[in-house]
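For reference, the structure discussed in these notes is given below.
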Amino acid sequence: MITEETPHAAGTTGLSRHVQRLLNRTRAFDDGRPWVWDATLTLCWTGAALVDAAGGWQNTAPDTSVPAWLVLTLSLALSLPLYWRRRRPMTALAVMACAALVSDASGAFLQATYLQALPVFHLALTRPPRALLWALVLILPPLVTGAVRFSPETWDQRVVPTLWAYALVALLGIVVRSRRDHTAGLVDRARRLEVERDQEVRLAAAAERTRIAREMHDIIGHNLSVITGLADGGRYAAAKSPERAAQALDAIGTTSRQALDDLRRLLGVLRDDEQEAVRDPQPTLADLDTLLTGVRKAGLAVELEIRDEPAPQPLAPGAQLTVYRVIQEALTNTLKHAGPKARATVLLAYAPKELLVEVVDTGTPTATRPHRGQGQGLTGMRERAALYDGRLDSGALPAGGWHVRLRLPLEGSPS
C-alpha cells in the first residue's frame, strides 16, 4: 500500500532532521572543547549562587545571623567545583558536601547545596553503581545535621524529599547511560557488520582473482603448448612438404586467435566501466572434440574413449568446465614433457554415482616432469576437483608414461 506524505508530516520530518543535525554539531563541539561548556555552566551557577548570597539566602535560613563572608565562601565552594563535575565527579561532590555540611550546621541553608545533584548525575552516568552509595554517604550527613539541629520535630520533611530528588537525578543518569550504551552497542555492531562485509568482499575478490589466474594459466599454458608443437612440426615439414608447413601455420593462427578470444573474454570481467562484461559460454564436455583436434594438430596422437553413455545433463556446467580443464591441463603437460613420440588416451567412464576421467600417456618420465603436488597446473587441477567434492591423483606409471585420474561425484549423488 502506497501512502502519500502530507505537507505537515514532511515539515515535521524536516524539522526533526534539522534538530538532529544541530544536536550532533553541539555534541561534536562539546567533545572537542569540553572546557567551554564546563566553564559556561560553572559561571552561570556561580553567578546564581552569588546573587543568592547577596541577601536572598535569608528568606529560607533558620539563622540569618550567619556572617556574610561565610555565606560568600560557602556559595563559591558549592558552585566552583562544578567545573570538574565530569572529570572528577566524586571529588567535586566531596568538596560540595563539606560546604553543605557547614551551611546546614550554621543555619544558612543555602539553596546552592542543591547543586550537588549535578555531580550525582555524572556519577550515575559514568561511574559504577557502588559510587552512588558513596554519594549517599556524602549527601546524607549535611541533611540530617541541619534537620535535627533546627527542626527536630519535622526533620523528615527536609531529609526525605531531598533524598527523593537526588534519587530521581541518579535514576535519570542511569537511564541516559543505558540509552547511550545501547546506542554505542548499535554503532559497534554496525561497525562489526561493516568490517565483516568488507572481509567478505575481500575474500570474494581474492577467490575471483584465483579463479581468473587459474583460467589464464589453463588457457595460456595449453594454447602456447599447442602453438609450440605446431611450430616445431611446421619447421620439420617445411623442407619436405611446404603444404603441411602452411597447414601448421594456419593452425597456429587459428589457435592464437582462439587464445586471444578466450583471454579477452576472461579479462572482460576485470573492466571497471559501468557496462557489464560480455561473458561467452564456458567450455563443456561437448567441446572436447575441438580440444582434441587442436592437440592432434600440435603433434600429439590422442584418442577419446567414453564408457557408459551418460544420462541427459549428468554434470552441472561448472563441473563440466572442471573436467574440460583437467583434460586440457593433462594433455598440455603431455605436450610439454612426454616427448615427440608419445601417445595419449582420454577415458570418460560413467558410474552410477561418479564420473571417472583418466588421461594416460606413453611418454617416459624425466627430471623435468612435474611430480605429485608440484607445479601450478597440478595444484589448479586439484583445487578445481575439490570444488565439486572430487579427487585427483597423478603420477608416473610403472611401465613408463604418466597418468592423471579424476573422480567426480555426479549431480545428486552423495559426496
Side-chain angles (χ1 to χ4, degrees), residues 22-23 25-127 131-132 134-147 149-150 158-159 161-173 176-177:
L22 182 61
L23 290 176
R25 291 176 182 176
T26 303
R27 189 178 296 111
F29 179 83
D30 182 57
D31 291 340
R33 303 173 183 83
W35 62 270
V36 175
W37 172 242
D38 292 340
T40 302
L41 184 139
T42 301
L43 290 176
C44 289
W45 285 114
T46 300
L50 293 178
V51 169
D52 184 62
W57 66 276
Q58 295 178 345
N59 296 326
T60 57
D63 185 358
T64 58
S65 63
V66 178
W69 66 267
L70 181 59
V71 173
L72 177 61
T73 302
L74 294 176
S75 297
L76 294 175
L78 289 167
S79 56
L80 291 179
L82 293 177
Y83 184 79
W84 295 275
R85 77 195 185 284
R86 290 199 286 187
R87 287 168 291 175
R88 297 190 177 110
M90 187 62 72
T91 302
L93 180 62
V95 174
M96 298 172 72
C98 292
L101 179 62
V102 176
S103 173
D104 285 20
S106 63
F109 279 27
L110 298 178
Q111 299 191 55
T113 57
Y114 291 105
L115 294 177
Q116 296 174 96
L118 294 177
V120 169
F121 172 82
H122 285 282
L123 284 172
L125 184 64
T126 61
R127 296 298 187 270
L132 294 176
W134 289 106
L136 178 63
V137 171
L138 293 174
I139 290 173
L140 192 58
L143 292 175
V144 174
T145 300
R149 182 175 180 184
F150 293 99
R158 173 170 174 78
V159 175
T162 305
L163 289 180
W164 270 112
Y166 288 136
L168 291 176
V169 170
L171 181 61
L172 177 62
V176 173
R177 177 177 186 169

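From a predicted model like this one, the values you see are computed outputs, not experimental measurements. Starting from 1, each residue takes its place in the sequence as its number.
Within the model, atoms CG of L101 and CG of L140 stand 11.0 Å from one another, a figure rounded to the nearest 0.5 Å. Distance CG/L41 to CZ/R85: 4.5 Å, rounded to 0.5 Å. One finds the CG atom of L136 at 11.5 Å from the CH2 atom of W134 (value rounded to the nearest 0.5 Å). To the nearest 0.5 angstrom, C98 atom SG is 11.0 Å from L74 atom CG. A distance of 12.5 Å separates OG1 of T46 from OH of Y83, quoted to the nearest 0.5 Å. The structure places CG of L163 at 11.0 Å from CG of L168, a figure rounded to the nearest 0.5 Å.
The two residues T42 and S79 have their closest heavy-atom pair at CG2-O, 3.7 Å. Nearest heavy-atom pair across L93 and I139 is CD1-CG1, 4.3 Å. Closest of all the heavy-atom pairs between S106 and V66 is O-CG2, 3.5 Å. Across all non-hydrogen atoms, the minimal contact from S75 to A49 is OG-O, 3.7 Å. Shown here for P89 and H122, the closest heavy-atom pair between the two residues is CB-CB, 4.2 Å. Here the shortest heavy-atom pairing between A77 and A99 reads CB-CB, 3.7 Å.
Inter-residue side-chain proximity for L50 and L76 is flagged as met; some heavy-atom pair is nearer than 4.5 Å. Side-chain contact between M96 and L138 is absent, with no heavy atoms from C-beta onward closer than 4.5 Å. For the pair V95 and W84, the minimum side-chain heavy-atom distance is 4.5 Å or more. No side-chain heavy atom of V71 sits less than 4.5 Å from a side-chain heavy atom of D52.
Residue-environment remark: CZ (R127) exceeds the threshold of 12 foreign heavy atoms within 6.0 Å.
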Indicate every side-chain donor-acceptor pair of residues 110-120 with a distance under 3.5 Å to a residue at least two apart or in another chain.
from, atom 1, to, atom 2, distance (Å)
T113, OG1, L110, O, 2.9
Q116, NE2, T113, O, 2.8
Q116, NE2, Y166, OH, 3.4

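Here salt bridge (Lys or Arg N to Asp or Glu O under 4.0 Å) pairs that include residues 89-111, with residues two or more places apart or in two chains, are D104-R158.
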Is there a side-chain contact (heavy atoms from CB on, under 4.5 Å) between V36 and F29 once you walk through the steps? CA-CA 9 Å; V36 175; F29 179 83; 4.0 Å; yes
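When atom types are taken as modelled, the side chain of T145 and the backbone of P141 share a donor-acceptor pair closer than 3.5 angstrom.
Checked against salt bridge (charged side-chain N to carboxylate O under 4.0 Å, His left out), D30 has the following partners two or more places apart in sequence or in another chain: R86.
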